[in-house]
Participant: 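Quick one: structure below, then a few questions.
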Amino acid sequence: MTQRYAIGPRETAAMNTAELRANFLIETLFVPGEVTLVYTHYDRMVVGGAVPTAGPLALPCPDNLKADFFLQRRELGVLNTGAAGTVTVDGTAYELGPQDCLYVGRDARDVQFASADGAQPARYYLLSTPAHRAYPTTRRTQAEATPVTLGALETASQRTIYKYIYNEGIASCQLVMGLTQLHPGSVWNTMPAHTHDRRMEAYLYFNLPEGQRVLHLMGHPQETRHLWVGEGQAILSPPWSIHAG
């Protein structure tokens, strides 16, 4: 598990493109046959990816968590961005189709990621935050998620947000997780651009056609910066930064 340290707006203003990418962009998140984890000092969130191919992959417990097992003091959100698969939590199997979500509560000891077909693997996007209590492990398919349509075609921002883990959905301690899908003809995923000092966010961009990129805007509203983001790459968005693509 690699680490990313919290960076303030003053330091960010002096960064060149390579330094911006090194601090805020996770370029390699999905590696076939591996679990990849990135620990960020923003809200102590862990961002990860799991791509099971030849067989199941176990959720590891890196030494720097100082825990007996990964979820001893944490909760986990899993979103399948690939083909069908199964996540097994302490012996109970949960099938996850494309864009289905699973919440795994604190105290779960054994989490295994598997694909229905290793040749066309599942790609699990992982988000984990500290947890003060145990909520039940819960699956929610995309069809069961709460859809909210925002924006307009005239401003190229029409999109549907599928809410999975939130106050009125799957219960959690502090983790919030959802999925945004753009409507045909729209390109903006978050408009108007905004900040919120109460929390950081992690953005995964996926299902990008080959050769295409997302232009992600970040930084202070008065002095924005940008990052070019490719398929399966993620952005760490600080609480002080705008976030729009």
Side-chain angles (χ1 to χ4, degrees), residues 2-27 29 38-48 77 79 81 125 127-130 146-169 172 174-208 212-245:
T2 59
Q3 292 200 55
R4 300 288 182 93
Y5 294 98
I7 304 294
R10 181 178 298 177
E11 299 94 330
T12 302
M15 289 181 178
N16 60 30
T17 299
E19 291 168 332
L20 285 173
R21 295 178 70 85
N23 282 280
F24 299 107
L25 176 66
I26 304 174
E27 292 194 70
L29 194 59
V38 177
Y39 180 97
T40 170
H41 287 257
Y42 297 113
D43 297 344
R44 293 189 289 166
M45 179 180 280
V46 175
V47 182
L79 180 71
T81 67
Y125 177 51
L127 291 179
S128 174
T129 52
T146 304
V148 177
T149 299
L150 299 173
L153 185 59
E154 290 79 5
T155 54
S157 63
Q158 192 173 29
R159 62 205 185 273
T160 297
I161 300 172
Y162 293 91
K163 298 182 178 182
Y164 295 97
I165 304 171
Y166 73 112
N167 280 345
E168 291 77 32
S172 70
Q174 63 173 317
L175 183 63
V176 176
M177 198 168 187
L179 165 71
T180 298
Q181 286 189 340
L182 299 177
H183 290 212
S186 289
V187 295
W188 288 103
N189 66 3
T190 304
M191 274 290 154
H194 57 278
T195 64
H196 35 63
D197 285 341
R198 70 190 184 278
R199 69 179 186 209
M200 62 85 67
E201 285 191 271
Y203 274 83
L204 170 71
Y205 289 104
F206 69 100
N207 282 353
L208 286 176
Q212 294 194 12
R213 296 291 185 270
V214 169
L215 181 67
H216 182 94
L217 302 178
M218 61 165 292
H220 264 171
Q222 300 82 6
E223 188 176 348
T224 58
R225 312 295 294 275
H226 71 270
L227 293 167
W228 287 106
V229 185
E231 160 64 25
Q233 296 181 342
I235 292 282
L236 300 176
S237 180
W240 52 266
S241 173
I242 69 162
H243 37 277

Participant: To the nearest 0.5 Å, how far apart are OG in S237 and CE in M200?
Facilitator: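 Those atoms lie 7.0 Å apart.
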Participant: Taking the six-membered ring for Trp, are Y205 and Y203 parallel (under 30°), tilted (30 to 60°) or perpendicular (over 60°)?
Facilitator: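 Rings of Y205 and Y203: parallel, as their planes differ by under 30°.
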Participant: Please name all residues satisfying salt bridge (Lys or Arg N to Asp or Glu O under 4.0 Å) with E19, sequence neighbours left out, ordered by chain then number.
Facilitator: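 With neighbours one apart ignored, the set is empty.
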Participant: Can you sort out the partners of I161 under side-chain contact (heavy atoms from CB on, under 4.5 Å), two or more places apart, ordered by chain and number?
Facilitator: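 Partners of I161 under the side-chain contact (heavy atoms from CB on, under 4.5 Å) test: L150, K163, T180.
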Participant: With rounding to the nearest 0.5 angstrom, report the CZ to CG distance, R225 to L227.
Facilitator: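 R225 CZ to L227 CG: 8.5 Å, rounded to 0.5 Å.
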Participant: To the nearest 0.5 Å, what is the distance between CG (N207) and CG (L182)?
Facilitator: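 If we round to the nearest 0.5 Å, N207:CG and L182:CG are 11.0 Å apart.
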Participant: With sequence neighbours left out, write down each residue that passes side-chain contact (heavy atoms from CB on, under 4.5 Å) with V38, or none if nothing qualifies.
Facilitator: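 Counting only residues at least two positions away or on another chain, V38 forms a side-chain contact (heavy atoms from CB on, under 4.5 Å) with T2, R4, I26.
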Participant: Taking only residues two or more places apart in sequence, or in another chain, which ones meet E27 in a salt bridge (Lys or Arg N to Asp or Glu O under 4.0 Å)?
Facilitator: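 If we apply the salt bridge (Lys or Arg N to Asp or Glu O under 4.0 Å) test to E27, skipping adjacent residues, the hits are R21.
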Participant: If you measure from OG1 on T40 to CE on M45, what distance do you get to the nearest 0.5 Å?
Facilitator: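 So the OG1 of T40 and the CE of M45 are separated by 8.5 Å.
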Participant: Does Q233 use its side chain to pair, donor to acceptor, with the backbone of L204 at less than 3.5 Å?
Facilitator: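 Here the side-chain-to-backbone pair does not exist.
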Participant: Mind checking what makes ring-ring contact (aromatic ring centres under 6.0 Å, His included) contact with Y42, not counting sequence neighbours?
Facilitator: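 With neighbours one apart ignored, the set is empty.
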Participant: List the residues meeting side-chain contact (heavy atoms from CB on, under 4.5 Å) with H196, not counting sequence neighbours, and say none if there are none.
Facilitator: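 By the side-chain contact (heavy atoms from CB on, under 4.5 Å) rule, H196 matches H194, R198, R199, E201, H243.
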Participant: Please round to the nearest 0.5 Å and tell me the distance separating atom CE of M177 and atom OH of Y164.
Facilitator: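 Rounded to the nearest 0.5 Å, the CE-OH separation comes out at 9.0 Å.
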Participant: Which value, rounded to the nearest 0.5 Å, describes the distance between H183 atom NE2 and T149 atom OG1?
Facilitator: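 Taking NE2 in H183 and OG1 in T149, the distance rounds to 4.5 Å.
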